[in-house]
Amino acid sequence: MVAPTVGVLALQGAFAAHAAIFERLGARAVEVRTPGELAAADALVIPGGESTTISMLLERSGLLEPVRDRLRGGLPVLGTCAGMILLASEVLDGRPDQHCFGVVDIGVRRNAYGTQVDSFEASIAVEGLGAPFPAVFIRAPAVEQVGPGVEVLAVADAGPVLCRSGAATAAAFHPELSGDDRLHARFLSEL
Amino acid sequence: MTEMTSPEAASAARSTGTPLVKRGLAEMLKGGVIMDVVTPEQAKIAEDAGAVSVMALERVPSDIRRDGGVARMTDPEAIRSIQAAVSIPVMAKARIGHFAEAQVLAALGVDYIDESEVLTPADEAHHIDKWAFAVPFVCGATNLGEALRRISEGACMIRSKGEAGTGNVVEAVRHLRSIVGDVKKIAGADPVELFDWAKRLQAPLPLVQEIAAAAALPVPLFCAGGIATPADASLVMQLGAQSVFVGSGIFKSEAPARMAAAIVEAVANYRDPEIVLKVSTGLGPAMKGLEMAALDTKLAERGW
């Protein structure tokens, strides 16, 4: 089997950390900044970063509609932190011009835990993963509404932090930072 | 839709202020632009242009340079008004060694503290013990030894010092080339040579060994000091910076909103000259720059 090509949206944020993990796991990782680079991808990662910045750059790069089309067509996608916000159906306190793709039917609140001093690590139980997962939350969003058809795969403090809907997975935390590749490996194995 | 309880409602075992959490925010700021602002209005312009963060200041560096006098931490009221105006992270500067200013900024809930040579140093020997804080710190450096001393004190991000407030990128380029060049040399060095590297850099051996193993600085490397155009931003990114601080370069240009958006796009697409060309076109004059030989005070010489 040919190794899948995972496109990592590389407009801003922690894209290099995701790419390095997928390469280590035997996939081909390509940075996506243009519609041409997106076309070659078998799956997409929307990394953490500043969601307002990524949203604006999606528009200015001409990627907004191509990404939306691919996601509607069932392209497997993993969104972390800012990526979760971009995959959500509603941003409860977003900027009026902030885009979200609506492939995971959740309502999210940005920076729900406070400022950076409230950012934290916590060990969380993830459905089907066995041992607890070390999760890093950086100015993380909170999921405040969950629609029908959304599977909640992990909760922390009674709130969902890992959600799946069809081929789209959204994490409020940063699996690319804690040195545990299991979520990336699971994402790859389902392609 | 099902309503969920708020994250504040229950408390699980959370660890705050860990090295991973503190370095994590710098990871999220990569490939972005952090902009100096002095008012809530400027902060909004920066956020609207796509800044990943703003640095809340009383005066931009070029005005500090012009006005002279002692430059201190910004008035907390001014920082609060900027925090209220934007949803992106807000940074603020403390004087070198002035841990009490840093404590005030931490109490204010700023997202990052810059222990900065742009302000007048408060201690001629000691930098702040940054391990003592839950809030992460960024520090300036002119070379790798200085960068490693700051990291050993707990800095979670290093930026080149450059020469702030000049609109002249030459010093930032010198500092970046020096840091990145020495990282490459250490990555290629024999293990027995690392002792000598640590001695020459006046830096802790374990950090030098960490660089040798990872072929990279242990924390993100950003660029600051004198960036005034989209092409300046592309230059320093191509030289190895992972993000860009822009100080006077935006709000001392003729069209700050356009300049800010152009630099954001140039950083995101720094390897694509066609895009840097497009965003550089029609911006109007950049800030007026200063030659290094004309300076009375070199801010980069502050810090030890």
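Sequence lines set the chain letters: A, B, ... in the order given, protein chains first and strands last, and positions in each chain run from 1.
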Toward chain A, the part of Asp272(B) with a non-hydrogen atom under 4.5 Å | neither
One option among Val136(A), Thr34(A), Leu177(A) has the most heavy-atom pairs under 4.5 Å with chain B, and it is Leu177(A)
When the 4.5 angstrom heavy-atom criterion is applied to Val117(A) and chain B, the contacting part is both
Residue from Leu20(B), Val90(B), Val33(B) scoring the most non-hydrogen pairs under 4.5 Å with chain A is Leu20(B)
Heavy atoms of Pro136(B) and Gln116(A) approach each other most closely as CD-CG, 3.5 Å
Considering only heavy atoms, which portion of Ser119(A) lies under 4.5 Å from any heavy atom of chain B: side chain, backbone, both, or neither?
-> both
Spatial distance of atom CG (Asn111(A)) from atom CG (Asp111(B)) [nearest 0.5 Å] | 8.0 Å
Taking the side chain as every heavy atom from C-beta outward, state whether Arg33(A) and Arg271(B) have any atom pair closer than 4.5 Å.
-> yes
Between Ala13(B) and Ala122(A), what is the shortest heavy-atom contact and its length?
-> O-CB, 3.7 Å
Does Glu121(A) use its side chain to pair, donor to acceptor, with the backbone of Arg14(B) at less than 3.5 Å?
-> no
Option in Pro89(B), Ala26(B), Ala106(B) with maximal non-hydrogen atom pairs under 4.5 Å from chain A | Pro89(B)
Toward chain B, the part of Leu11(A) with a non-hydrogen atom under 4.5 Å | backbone
For the atom pair CZ (Arg60(A)) and NZ (Lys278(B)), what is the distance rounded to the nearest 0.5 Å?
-> 9.5 Å
dist Met28(B):CE -> Thr53(A):OG1 (nearest 0.5 Å) comes out at 13.5 Å
Portion of Glu47(B) that has a non-hydrogen atom of chain A nearer than 4.5 angstrom = both
For residues Phe120(A) and Val21(B), report the shortest heavy-atom separation together with the two atoms involved.
-> C-CG2, 3.6 Å
So, the side chain of Glu265(B) versus the backbone of Ser61(A): is there a donor-acceptor pair under 3.5 Å, distance only?
-> no
Which region of Gln98(A), side chain (C-beta onward) or backbone (N, CA, C, O), has a non-hydrogen atom less than 4.5 Å from a non-hydrogen atom of chain B, or is it both or neither?
-> neither
Which atoms of Asp97(A) approach chain B - backbone, side chain, both or neither, heavy atom under 4.5 Å | neither
Proximity breakdown for Leu25(B) and chain A, heavy-atom pairs closer than 4.5 Å | both
Which of Gly31(B), Ser53(B), Ser15(B), Ala268(B) touches chain A most, by non-hydrogen pairs under 4.5 Å | Ser15(B)
Name the member of Val110(B), Leu29(B), Val52(B), Val267(B) that forms the most heavy-atom pairs with chain A at distances under 4.5 Å.
-> Val52(B)
Give the minimum heavy-atom separation between Ile88(B) and Thr52(A), together with the two atoms involved.
-> CG2-OG1, 3.7 Å
Chain A shares the most heavy-atom pairs under 4.5 Å, among Gly17(B), Ala134(B), Pro220(B), Gly109(B), with Gly109(B)
Do you know which of Glu50(A), Arg95(A), Arg110(A), Arg139(A) makes side-chain hydrogen bond (donor to acceptor under 3.5 Å, both in side chains) with Ser87(B)?
-> Arg110(A)
Side chain, backbone, both or neither: which part of Ala51(B) has an atom under 4.5 Å from a heavy atom of chain A?
-> backbone
